[in-house]
Structure formats: C-alpha cells, structure tokens
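Take a look at the structure set out below.
Numbers restart at 1 for each chain; the letters A, B, ... are given by sequence-line order, proteins then strands.
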Amino acid sequence: MSEYTSEFLTVLSERGYIHQVSDPKGLDALCAKETVTAYIGFDCTAPSLHVGSLVQIMMMYWLQQTGHRPIALMGSGTTRVGDPTGKDESRKVLSDETIEDNKAGIRKVFDKLLTFGDGPTDALMMDNADWLLGLNYMNFLRDIGRHFSVNQMIQRDSVRLRLEREQHLSFLEFNYMLLQGYDFLEIYNRTGCRLQMGGSDQWSNILSGVDLIRRKVAVEAFALTSPLLTTSSGAKMGKTADGAVWLNEEQLSAYDYWQYWRNTEDADVERFLKLFTILPMDEIKRLAALEGSEINEAKKILATEATALMHGRNKAEEAAETARKAFEEGQSAEGLPTVEIARSGLEAGLGVLSAFVLAGLCASNGDVRRNIKGGGVRINDAVEQDANRQLTLDDVTADGVVKLSLGKKKHVLLKPV
RNA sequence: GGAGGAGUGCCCGAGUGGCUAAAGGGGACGGACUGUAAAUCCGUUGGCUAUGCCUACGUUGGUUCGAAUCCAACCUCCUCCA
C-alpha cells in the first residue's frame with residue numbers, strides 16, 4: 001500500500017505519517033477526486049499542546065497544503081468528562097474556566113500552521129462541547145447507542161486486552177468510543193467531513209465513528225492514524241527534565257525549543273526532518289546522508305526549520321545564532337534566556353544558591369549544592385565550587401549580565417535592573 | 001451485598017517495631033569520553049537560616065521510650081462471588 005495517486009496520501013506516506021488507514025484505496029480515490037474535509041480532536045487538558053501532538057498538527061498542515069480542508073476539534077466537552085484512556089487514575093478535575101483558558105492557548109498553535117476562513121480549503125475550528133454538553137442520555141442511547149454492538153465493542157483491542165487480562169474496565173471508559181464516534185457523526189452532519197485522523201492509540205475510537213456514520217447515514221467514512229512516536233532509544237517524545245516540550249512560547253521559549261531539536265539523537269534525524277519540517281524530500285535525503293559529526297549540520301537545520309514553523313523564521317534564526325555563539329564561540333550571547341533581578345539585590349550580595357534557583361536552573365538550594373559538588377555549576381564560565389559564594393556587581397560582565405550555567409547546555413543570564 | 005487483596009519517594013518495587021530520608025531497578029540531573037548525539041563508566045537523586053532541624057511511607061486517631069512497620073476507624077483502588 002505504498003503507492004498512492006492522491007497528492008495528500010503520497011506526501012503523508014513518504015514522510016512517514018501513516019500507521020494505519022481503514023480503506024487506503026477508497027480514501028486515495030476520494031482524495032484524488034475531490035476536496036476532502038478531515039478532522040483531528042485535541043483535549044484541553046493543558047494550556048498548550050506539546051511535541052507529542054505535533055505529528056497530528058503536521059498532518060493537518062499537509063492536508064491543507066495538498067488542497068483539502070482541515071478541522072481542528074477542541075475537545076472541551078470530552079475534557080470535562082476526563083479521558084479515562086490514560087492509566088493514571090489521578091487526573092485532575094478541571095474547572096470550566098481552566099478548560100476555556102487551555103482551549104485559548106491551544107488554538108494559537110493552529111493559527112500558525114493553518115489558514116482559517118470560509119473558503120473551500122480554509123480550516124475550521126470546532127468544539128465538541130457544543131453538542132456533547134446538552135446531550136440527553138435517553139435520546140443518546142436510543143439514537144446512537146442502538147447502533148453500537150457490544151459484541152463488536154468487546155472485540156476491539158483496547159477492550160479485549162483489558163478483559164483478557166481480567167483488568168478493570170469502567171463503563172465510562174467503555175462509553176468513550178461512543179462519544180468519540182458521535183463526534184465524528186456530528187461533524188460529518190455539520191460539514192460533510194469523512195476522514196478522522198489521530199495517533200495510533202485512537203484507532204479503535206476512530207473506527208467506531210466510521211461504523212456509526214455508515215449505520216446512521218450510509219456513508220463511507222475513513223480512519224487514518226499516525227505512528228506513536230518514540231526516540232530511537234525508546235523514550236517517549238516530548239519529555240525532558242523540565243517536563244513536556246510545549247509548543248507555545250509562554251510555556252517554552254523559542255531558544256529552548258530550538259535546543260530540544262538540536263539535541264535529537266543521530267538515528268532520529270531523518271525521521272524527524274520528514275515529520276517536523278516542511279523541507280523538500282530531496283533536501284532531507286541529502287541531509288540524511290551526512291555521517292559522523294557532519295550530522296550536526298543536519299540537526300541544526302532540523303532545529304531551525306522546526307522552530308521556524310512554531311515561532312517564526314526570525315525567532316528561529318535568533319535561537320540558532322544564540323546557540324552558535326554560546327556553544328561554538330563560548331560567548332554569553334544576548335539571546336540566552338534572561339532573568340531580571342533588582343540591582344539593589346546584587347549590591348547587597350546574592351548567594352549562588354539563591355541565584356540558581358531564581359534563574360530556574362535548579363529546583364532547590366540543595367539541588368544547587370549537589371550540582372556544585374558534581375562540578376556542574378559555572379558563573380561567567382568559571383566553575384564555582386563554593387556554595388557560600390556571593391554574587392555582587394563585580395560579577396556583572398561587560399555585557400551587563402551575570403552568566404549562570406548548569407552543565408554544558410543550560411545557561412541563563414541574570415540581568416540587574 | 002459478601003469474601004479477599006492493595007495503597008511506600010518522579011515511576012516501579014523491597015521493607016513488617018529502633019541500625020530507615022527508607023534496599024534494588026528505571027527515569028532524571030551532574031561529571032568523564034565525544035560531535036550540544038548514542039553507547040559506556042563515575043557521581044547525585046526530600047526541604048531548610050545545615051556538624052543540627054523539619055517534613056515524608058493513603059487519612060485520622062491510638063499502643064509504645066520508639067512505628068512505614070502493631071491496633072482502630074475512615075478514604076481510595078483492585079480481584080472474585082452475588
């Protein structure tokens with residue numbers, strides 16, 4: 001199934017976005033014939049999406065680029081229920097207000113990559129709260145529930161595995177596929193959308209919508225999932241020491257975002273170039289052919305291109321330049337993350353411990369002490385071994401800052417104001 | 001409704017009266033080696049106004065000189081039966 005005729009599926013396929021498609025030939029024919037509307041759902045559990053969702057976002061980008069219409073579905077309705085799919089039972093109950101705030105933050109990402117509007121291929125933003133919150137249980141059971149076969153539902157991997165291992169499965173979880181299926185039907189009715197995409201873990205939920213649409217309105221709908229991404233050494237994408245790699249600049253600076261991609265493992269470079277940049281394929285092949293330390297060139301391009309998509313070309317170039325100065329010339333370039341402190345505080349003397357905590361480099365004074373002991377703490381590029389060292393105005397460099405470093409990669413400039 | 005089991009640090013998981021800020025593993029962070037990579041090796045991994053003090057083993061109370069460890073009640077989760 002590697003040969004597609006439609007531009008959309010060809011691009012997705014050669015760039016590695018496709019894990020499973022419900023009816024490859026049928027979908028391919030549809031995409032080649034007409035403007036297809038497709039949607040992906042996002043829950044509003046955090047104020048920003050992170051790189052874990054980036055594959056899905058990029059699929060929407062390519063959908064629009066190849067002449068189709070994407071719909072970003074905000075799952076603020078399902079978020080109010082709480083997605084039970086995660087194994088952690090300790091999920092917070094989010095207030096309506098928080099969910100609305102989160103939704104606002106998440107929308108920003110889509111504005112960067114998709115063109116919204118009323119044209120035939122302009123993207124749409126929808127919210128399942130609009131139809132889920134007012135749902136009447138009896139009506140839902142009668143109109144939607146009747147079309148779901150429990151016999152089939154328990155065949156789904158997500159359910160079957162739980163049952164086979166005699167693990168608990170709540171009725172709420174069991175219902176989740178109905179809700180998501182209903183979303184698909186509702187969106188089809190409103191927009192004629194016939195394709196739902198998502199991560200591979202969403203496969204069975206998407207199929208339930210495909211089935212529902214067939215039963216309810218006798219139309220063939222399609223499911224397309226992307227592979228679950230891990231790094232070559234098996235770690236989940238998007239997790240770092242400080243938490244998730246957020247897409248919004250309020251949560252993660254463009255510089256840090258650039259650094260995240262710059263530190264990609266060798267083995268992932270080609271895959272990530274295809275998935276997370278929009279560079280042409282022959283350019284990617286050229287970069288992927290680099291070996292040894294030359295791979296670093298490919299990583300820099302990956303970082304700059306990926307950052308440009310999220311934060312704009314200027315911010316990406318700045319981040320690249322800052323990194324070049326900091327790492328290749330050893331200067332304390334201006335673009336490094338900067339924390340402002342009161343000049344009076346420095347005059348009085350500021351302890352190293354406090355300084356590193358203040359700068360956000362360490363979690364606690366003890367954390368700083370440990371790193372001092374381990375030789376990982378530097379002030380203005382000089383290793384500091386005295387935990388009682390006081391920073392004063394004498395430590396301010398010609399650039400008007402004090403450069404604090406933790407390890408070789410993390411730098412923060414303290415700027416007295 | 002009945003019977004049984006479980007809740008330990010970021011996660012998994014030992015511990016069943018003092019030697020326990022709590023084995024071991026994972027993860028993470030720092031160091032060495034490199035290419036701001038991987039692998040490997042070494043170190044660290046509750047907080048503080050720090051030779052001491054405080055907080056911590058689901059919650060609350062109790063027994064005890066002393067409890068993560070014993071007792072009681074409660075909460076939560078799980079399994080089986082109905």
Watson-Crick or G-U pairs under 3.5 Å in RNA chain B, rendered as dot-bracket with [ ] for crossing pairs and | for another strand: ((((((((.[[[..)..(.....]]]((((((.......))))))(((...)))...[[[[[..)....]]]]]))))))).
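Residue Asn365(A) places at least one side-chain N or O under 4.0 Å from the OP1 or OP2 atom of rU49(B). Phosphate proximity of rA32(B) to Lys408(A): present, with a side-chain N or O under 4.0 Å from OP1 or OP2.
Counting only N and O atoms by type, the side chains of His411(A) and Ser405(A) include a donor and acceptor under 3.5 Å apart. Checking Asp122(A) against Thr115(A) by side-chain atom types alone, no donor-acceptor pair falls below 3.5 Å. There is no side-chain donor-acceptor pair under 3.5 Å between Gln202(A) and Gln196(A).
Checking rC29(B), rA38(B), rU36(B) against the side-chain heavy atoms of Gln259(A) singles out rU36(B) as nearest. Distance from the side chain of Arg370(A) is smallest for rG46(B) among the nucleotides rA37(B), rG46(B), rU36(B). Considering only side-chain atoms of Asn371(A), the nucleotide from rC48(B), rG35(B), rG30(B) that sits closest is rG30(B).
Mapping Gly407(A) and Thr264(A) onto RNA chain B via the closest heavy atom, the residue that lands nearer the 5' end is Gly407(A). For Ala320(A) and Arg378(A), each mapped to the nucleotide of RNA chain B holding its nearest heavy atom, the one lying further toward the 5' end belongs to Arg378(A).
Nucleotides rC77(B) and rA72(B), compared at atom P, are 23 Å apart to the nearest Å. When the C1' atom is used for both rA56(B) and rC48(B), the distance is 15 Å, rounded to whole Å.
Under the ring-ring contact (aromatic ring centres under 6.0 Å, His included) rule, Tyr182(A) has a single partner from Phe140(A), Tyr188(A), Phe148(A), which is Phe140(A).
Side-chain atoms of Asp266(A) and base atoms of rG35(B) include a donor and an acceptor less than 3.5 Å apart. No N or O donor and acceptor, one from the side chain of Glu328(A) and one from the base of rU36(B), sit under 3.5 Å apart.
Every residue meeting the ring-ring contact (aromatic ring centres under 6.0 Å, His included) condition with Phe110(A), not counting sequence neighbours, appears here in chain and number order: Phe42(A).
Salt-bridge formation is not detected for the pair Lys285(A)/Asp282(A): no Lys NZ or Arg NE/NH1/NH2 atom is positioned less than 4.0 Å from an Asp or Glu carboxylate oxygen. Salt bridge annotation for Lys315(A)-Glu318(A): absent, with no cationic side-chain nitrogen under 4.0 angstrom from a carboxylate oxygen. The pair Glu186(A)-Arg190(A) counts as a salt bridge, with a side-chain nitrogen and a carboxylate oxygen less than 4.0 angstrom apart.
For residues 292-300 of chain A, proximity to RNA chain B is found at Gly292(A), Ser293(A), Ile295(A), Asn296(A), Lys299(A), defined as any non-hydrogen atom under 4.0 angstrom from a strand atom.
Residues Phe276(A) and Trp261(A) bring their aromatic ring centres within 6.0 Å.
Listed by first and then second residue, the ring pair (Phe, Tyr, Trp, His ring centres under 6.0 Å) pairs involving residues 299-319 of chain A are Tyr257(A)-His311(A) (not counting sequence neighbours). Evaluation of the side chain to side chain donor-acceptor pair (under 3.5 Å) test over residues 355-377 of chain A, restricted to residues two or more places apart or in two chains, returns none.
Residue-level contact check: Arg369(A) touches the bases, meaning some heavy atom is under 4.0 Å from a base atom.
Rounded to whole Å, the distance from CG on Leu406(A) to P on rU44(B) is 17 Å.
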Name the pairs: protein N/O against N/O of nucleotides 53-56 of chain B, kept only if under 3.5 Å.
none

